[in-house]
Amino acid sequence: MKPTTLFYIAFTGLLMAFVACKKDGADIDNPYLKPIKINRDTTTSKDSSADPTSIQGLHRDLFSPTCANSGCHDGTFEPDFRTVESSFASLVNVKPIKNDLAGTFNARVVPGNADASMLPYRMTVDLGGNSGIMPLALEPGSTYPTKKDVLLANLRTWINNGARDSKGNKPGTANFPPQILGVQALVNGIQLGRGGKYEPILAAAGQNVDLWFSLSDDVLNQENLTNMTINWSANPEVYDPANEKPLVKGSPKSLPGLYAGTSDYVWNYTFSTAGMQPYDVVWFRITCSDNVNNNYQLPNKNSMFFLKKYFALRIP
């Protein structure tokens with residue numbers, strides 16, 4: 001048989017088999033031939049009945065569609081607005097990563113006090129004029145610009161009503177440790193300088209230096225803090241417990257602060273630089289207690305190095 005004949009026989013057989021399969025079997029629905037419809041409606045949620053002033057309603061109307069953008073508060077960094085639970089856990093009584101220049105806010109959300117809460121402030125004020133007002137970006141078609149006033153009012157209502165969780169329970173009361181607002185040094189009433197904002201205090205050898213400390217606490221006035229002591233060392237990581245000396249509570253002084261133009265300074269200690277040589281550096285650390293946080297150290301092992309330098313004194 002000729003090769004051409006064999007080719008036509010084989011081709012005809014394959015064609016008949018294909019037709020038979022097509023005729024006898026059901027049509028196959030190929031999903032890749034149809035366009036995929038993606039629901040990009042960011043204004044709705046499964047819990048459509050939630051009170052807009054509840055944490056569920058705020059997550060549905062504000063946190064999820066406006067804040068949980070890809071690469072933003074979608075778990076990339078806090079607050080985490082992916083779920084109702086993560087929103088609550090990363091907001092209520094949680095210390096903010098970025099504060100205003102005066103270090104005013106102790107928590108992103110303070111239950112019962114919207115004015116003391118960082119979150120509403122962050123959504124209406126540009127921190128330092130260079131951080132932008134949240135949200136920094138919006139999804140296409142977002143209704144936030146037209147609903148902003150209502151949403152912010154709902155947020156403040158939730159906070160002022162106690163910042164209740166998804167079950168309607170009020171969170172436990174937080175108590176943050178004291179924070180430093182400023183460290184200054186005086187010799188004969190004259191303020192000593194620094195090599196820079198966060199650099200050590202510059203003092204001469206053989207002087208009696210009056211070190212002053214300004215502190216803040218979310219519950220107590222700084223005058224009412226207790227167990228106030230000071231320690232110093234040639235190594236900022238190692239302090240001798242036997243070297244703890246009491247701080248003295250004096251008449252308040254208004255001096256430049258770490259975050260604000262001026263701060264009130266109450267606690268002080270007179271330190272002698274006798275015996276120190278040029279280029280010597282001494283590192284200070286204070287310890288204080290409020291009614292919950294006992295013997296809290298400033299700076300401590302978790303403090304940034306710039307804060308440790310801010311507490312130091314150097315002989316030029």
Side-chain angles (χ1 to χ4, degrees), residues 99-106 116 128 175-233 236 239 243-276 280-300 303-316:
N99 213 322
D100 65 351
L101 296 178
T104 304
F105 299 95
N106 288 316
N175 188 298
F176 296 97
Q179 300 296 312
I180 193 70
L181 294 183
V183 178
Q184 296 295 343
L186 305 177
V187 173
N188 297 324
I190 300 175
Q191 182 184 336
L192 299 183
R194 298 173 180 268
K197 180 176 181 180
Y198 300 112
E199 294 300 312
I201 297 164
L202 301 176
Q207 290 183 322
N208 287 327
V209 180
D210 296 323
L211 299 170
W212 285 82
F213 302 90
S214 177
L215 298 114
S216 70
D217 187 73
D218 60 334
V219 175
L220 300 178
N221 293 327
Q222 61 174 324
E223 295 90 342
N224 297 324
L225 296 173
T226 59
N227 302 327
M228 304 293 295
T229 63
I230 187 171
N231 204 329
W232 59 89
S233 172
Y239 291 86
N243 196 39
E244 293 288 337
K245 306 298 181 183
L247 283 170
V248 177
K249 181 165 58 175
S251 300
K253 290 183 178 295
S254 181
L255 297 168
L258 177 58
Y259 306 106
T262 58
S263 294
D264 289 333
Y265 289 71
V266 173
W267 296 96
N268 67 92
Y269 180 82
T270 300
F271 176 79
S272 174
T273 61
M276 294 184 68
D280 282 353
V281 177
V282 61
W283 306 80
F284 294 96
R285 183 194 70 189
I286 64 172
T287 301
C288 51
S289 301
D290 58 16
N291 54 0
V292 172
N293 304 281
N294 294 319
N295 299 322
Y296 186 74
Q297 296 172 341
L298 289 167
N300 53 58
S303 298
M304 300 293 287
F305 186 68
F306 80 86
L307 189 62
K308 297 177 182 180
K309 285 199 304 178
Y310 181 72
F311 270 76
L313 180 148
R314 182 172 68 88
I315 307 298

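For this chain, numbers begin at 1 and follow the sequence in order.
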Checklist entry - Just by distance, do the side chain of Thr273 and the backbone of Gly206 share a donor-acceptor pair under 3.5 Å? => result yes

Next on the checklist: Contact between Leu258 and Leu307 at the side-chain level, heavy atoms closer than 4.5 Å - yes or no?
Outcome noted: yes

Item to check | Heavy-atom side-chain contact between Ile180 and Leu215 under 4.5 Å | outcome: yes

Item to check | Verdict with supporting geometry, Lys253 and Leu186, side-chain contact (heavy atoms from CB on, under 4.5 Å) | outcome: CA-CA 11 Å; Lys253 290 183 178 295; Leu186 305 177; 4.1 Å; yes

Next on the checklist: Measuring only between side-chain heavy atoms, which start at C-beta, is Val183 closer than 4.5 Å to Arg194?
Outcome noted: yes

Checklist entry - Any side-chain heavy atom of Lys197 sitting closer than 4.5 Å to one from Phe306? => result no

Checklist entry - Of all heavy-atom pairs between Val282 and Trp232, which one has the smallest distance, and what is that distance? => result CG2-CB, 3.7 Å

Checklist entry - If you measure from CG on Asp290 to CG on Asn224, what distance do you get to the nearest 0.5 Å? => result 11.0 Å

Checklist entry - Considering all heavy atoms of both residues, which atom of Val209 and which atom of Ala203 are nearest to each other, and what is their separation? => result CG2-CB, 4.1 Å

Next on the checklist: What I'd like to find out is whether the side chain of Ile230 reaches to under 4.5 Å of the side chain of Phe271, using heavy atoms alone.
Outcome noted: no

Next on the checklist: I'd like to check Phe105 versus Asp100 (side-chain heavy atoms, cut-off strictly below 4.5 Å). Are they in contact?
Outcome noted: yes

Checklist entry - Can the ring centroids of Phe213 and Tyr269 be said to lie less than 6.0 angstrom from one another? => result no

Next on the checklist: Before you tell me yes or no, could you show the steps for Thr270 and Asp210 under side-chain hydrogen bond (donor to acceptor under 3.5 Å, both in side chains), namely the whole-Å CA-CA distance, both residues' side-chain angles and the distance that decides it to 0.1 Å?
Outcome noted: CA-CA 4 Å; Thr270 300; Asp210 296 323; 2.7 Å; yes

Next on the checklist: Let me confirm one number: the CG-CZ distance from Asn300 to Arg285, rounded to the nearest 0.5 Å.
Outcome noted: 9.0 Å

Checklist entry - Considering all heavy atoms of both residues, which atom of Gln184 and which atom of Pro256 are nearest to each other, and what is their separation? => result NE2-O, 3.1 Å

Item to check | Evaluation steps, side-chain contact (heavy atoms from CB on, under 4.5 Å), between Asn291 and Val219 | outcome: CA-CA 8 Å; Asn291 54 0; Val219 175; 3.7 Å; yes

Checklist entry - Measuring from Gln222:CD to Asp264:CG, what's the distance to the nearest 0.5 Å? => result 6.5 Å

Next on the checklist: When you measure from the side chain of Gln297 to the backbone of Asn295, do you find a donor-acceptor pair of N or O atoms at a distance under 3.5 Å?
Outcome noted: no

Checklist outcome for this item: Tyr265 and Gly257 have their tightest heavy-atom pair at OH-CA, 3.7 Å

Item to check | Main-chain N/O of Val187 paired with Gln207 side-chain donor or acceptor, under 3.5 Å | outcome: no

Checklist entry - Taking atom CG of Asp217 and atom OH of Tyr296, what is their separation to the nearest 0.5 Å? => result 11.0 Å

Item to check | Sub-4.5 Å side-chain heavy-atom contact between Pro178 and Leu225 | outcome: yes

Next on the checklist: Run Leu211 and Asn268 through side-chain contact (heavy atoms from CB on, under 4.5 Å) and show every step you take.
Outcome noted: CA-CA 5 Å; Leu211 299 170; Asn268 67 92; over 6 Å; no

Item to check | Short N-O contact, Lys249 and Glu223, less than 4.0 angstrom | outcome: no

Next on the checklist: Are Ile286 and Thr229 packed together at the side-chain level, in the sense that at least one heavy-atom pair is separated by less than 4.5 angstrom?
Outcome noted: no

Next on the checklist: So, taking the atom named SG in Cys288 and the one named CG in Leu298, what distance separates them when rounded to the nearest 0.5 Å?
Outcome noted: 5.0 Å

Next on the checklist: Nearest 0.5 angstrom please: Lys309 NZ to Trp283 CH2, how far?
Outcome noted: 7.5 Å

